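Here is the structure we will look at, set down as structure tokens.
It should be emphasised that the depicted structure is a prediction, and the values quoted were computed from it without experimental measurement. Order of the sequence lines fixes the chain letters, A, B, ..., with proteins taken first and strands second; residue numbering starts at 1 for each chain.
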Number of protein chains: 2
Amino acid sequence: MPGHGRGPWWHERFQEKGWRITPAREVIMDILHNTKEHISAADIYVKAHAVNPAIGLTTVYRTLDMLEKTGIVQKFDFGDGMARYELINNPGAKDHHHHLICLNCKKIIDYTEFMEDEVDFLEKTEKKLSDKYRFKITGHVINFYGLCKECGSGR
Amino acid sequence: MPGHGRGPWWHERFQEKGWRITPAREVIMDILHNTKEHISAADIYVKAHAVNPAIGLTTVYRTLDMLEKTGIVQKFDFGDGMARYELINNPGAKDHHHHLICLNCKKIIDYTEFMEDEVDFLEKTEKKLSDKYRFKITGHVINFYGLCKECGSGR
DNA sequence: CCTGTAAATGAAAATGATTTTCATTACCAA
DNA sequence: TTGGTAATGAAAATCATTTTCATTTACAGG
Ligand SMILES: [Mn+2]
Ligand SMILES: [Mn+2]
Ligand SMILES: [Zn+2]
Ligand SMILES: [Zn+2]
């Protein structure tokens, strides 16, 4: 049960990996927790910097990289020039969801409507793939692309 | 039925859109056709340039952009720094498939194993989303992330 | 509580894919 | 054939992300 140890849930995950607990990492994890939207490295940097001006953008990138590889955050590319990050499979993570992306105006719709079915389905697929390719799957991205209501009408 | 008009299938799609048929576009469409792998803008540029040195990289980017927005090609970001493109939903397109991406070594596994089921499932989902959000869906991307056989063993 | 050491950090510079600018060319409807 | 406009490419600009490197810091051991 949670709350057993001392610090936040992710401390032990860091320790398992042999990663040090640093002020910068504390702040970044905290920001990730308290952000619902997909957030960019620059966004995180601004917030982190507000809390602790010593934290640099480079560290933000390095930390996100690390978190991605461990499956703690999912990195997204919505085609608007910068990557976005989101906590997954963990306390504080937003409900699992997928995306509709407008190729014209870049609007992103998060949908959760049909997730029960989708998640069921995907779990089976993940299992099959995992077995067949000996691949340890930590996350997935499903994006549907097209034109939104506004952009689809005209051209 | 195909083969009715004069040129290749995509001529009419361009004409519908009011786009001009140009040498650069002919070459690029041709390259897209004859390439199985996901191909980058730079790759296309090299091949196009070999055929016709007048074709510039800028045009390659502009054309791919246009093709993406029309749903003729799908743009992929596999996290290795440059986008990849692939013909979809059209003659010459590779069989529909999804991806397993290793977060560590960036290896990409195209899998087609369970596609029948997945495609069935996705079509239903697309229909539902399309209706609910009045969103015209032209393509989708499904990526599973994790660690491949080689990278998963150790750390 | 100290210490040694490898990991972590940040500032600054480098990188490199993609975009923008702008003057020139070429498609194609009339 | 021609005019108007879309398309093009070379070169410069952008800008997110990465690399370098000198300095700092977490923390295992003593
Ligand atoms: Mn989302
Ligand atoms: Mn593929
Ligand atoms: Zn739109
Ligand atoms: Zn790998």
- Task: Could you check whether the rings of B/Tyr111 and B/Phe144 sit parallel, tilted or perpendicular, using 30° and 60° as the cut-offs?
- Result: tilted
- Task: Measure from NZ on A/Lys17 to P on C/dA7 and round the result to the nearest Å.
- Result: 16 Å
- Under 4.0 angstrom, heavy atoms only, what part of the nucleic acid is A/Pro23 near: base, sugar-phosphate, or nothing? sugar-phosphate
- Query: Just wondering, more than 12 heavy atoms not from B/Glu12 lying within 6.0 Å of its CD?
  - Reply: no
- Query: Closest to the A/Ala24 side chain: C/dT19, C/dT9, D/dC27?
  - Reply: C/dT9
- Task: Calculate the interatomic distance between A/Met82 atom CE and C/dA17 atom P; express it in whole Å.
- Result: 19 Å
- Message: In this structure, how many angstroms lie between the P atom of D/dA16 and the CG atom of A/Asp43, rounded?
- Response: 11 Å
- Whole angstrom is fine here: how far is it from NE2 in B/His49 over to P in D/dA10? 7 Å
- Message: Is the ring pair B/Trp19/B/Phe14 parallel, tilted or perpendicular, if the boundaries are 30 and 60 degrees?
- Response: perpendicular
- Item | Side chain of A/Ala83 (C-beta onward), nearest among D/dC27, C/dC27, D/dT17 | D/dT17
- Short side-chain N/O contact to D/dT25 OP1/OP2 from A/Thr22, under 4.0 Å: no
- Query: Donor-acceptor pair, A/Asp43 side chain versus A/Ser40 backbone, under 3.5 Å?
  - Reply: yes
- Is there a donor and acceptor pair closer than 3.5 Å between the side chain of A/Arg62 and the base of D/dT18? no
- Task: Look at the aromatic rings of B/His96 and B/His98 and report parallel, tilted or perpendicular, splitting at 30° and 60°.
- Result: perpendicular
- Query: With respect to the side chain of B/Thr59, which nucleotide from D/dT25, C/dC28, D/dG9 is positioned closest?
  - Reply: D/dG9
- Does a side-chain N or O from B/Tyr61 land closer than 4.0 Å to OP1 or OP2 of C/dT19, or not? no
- Query: Atom CZ of A/Arg25 and atom C1' of D/dT24: how far apart are they, to the nearest Å?
  - Reply: 14 Å
- Message: Nearest whole Å is fine: how far is C/dG16 P from B/Tyr45 OH?
- Response: 17 Å
- In whole angstroms, the gap separating C1' of D/dT8 from CD1 of B/Ile21 amounts to 16 Å
- Can you tell me how far C1' of C/dA11 sits from CG of A/Leu57, to the nearest Å? 11 Å
- Item | Whichever of B/Gln15 and B/Tyr85 has its nearest DNA chain C nucleotide further upstream toward 5' | B/Tyr85
- Note on the structure: Quick note, A/Ala54 side chain, CB onward, closest among C/dG10, C/dC28, D/dT25 is C/dG10
- Ignoring the backbone of A/Thr58, work out which of D/dA16, C/dT9, C/dA12 is nearest its side chain. C/dA12
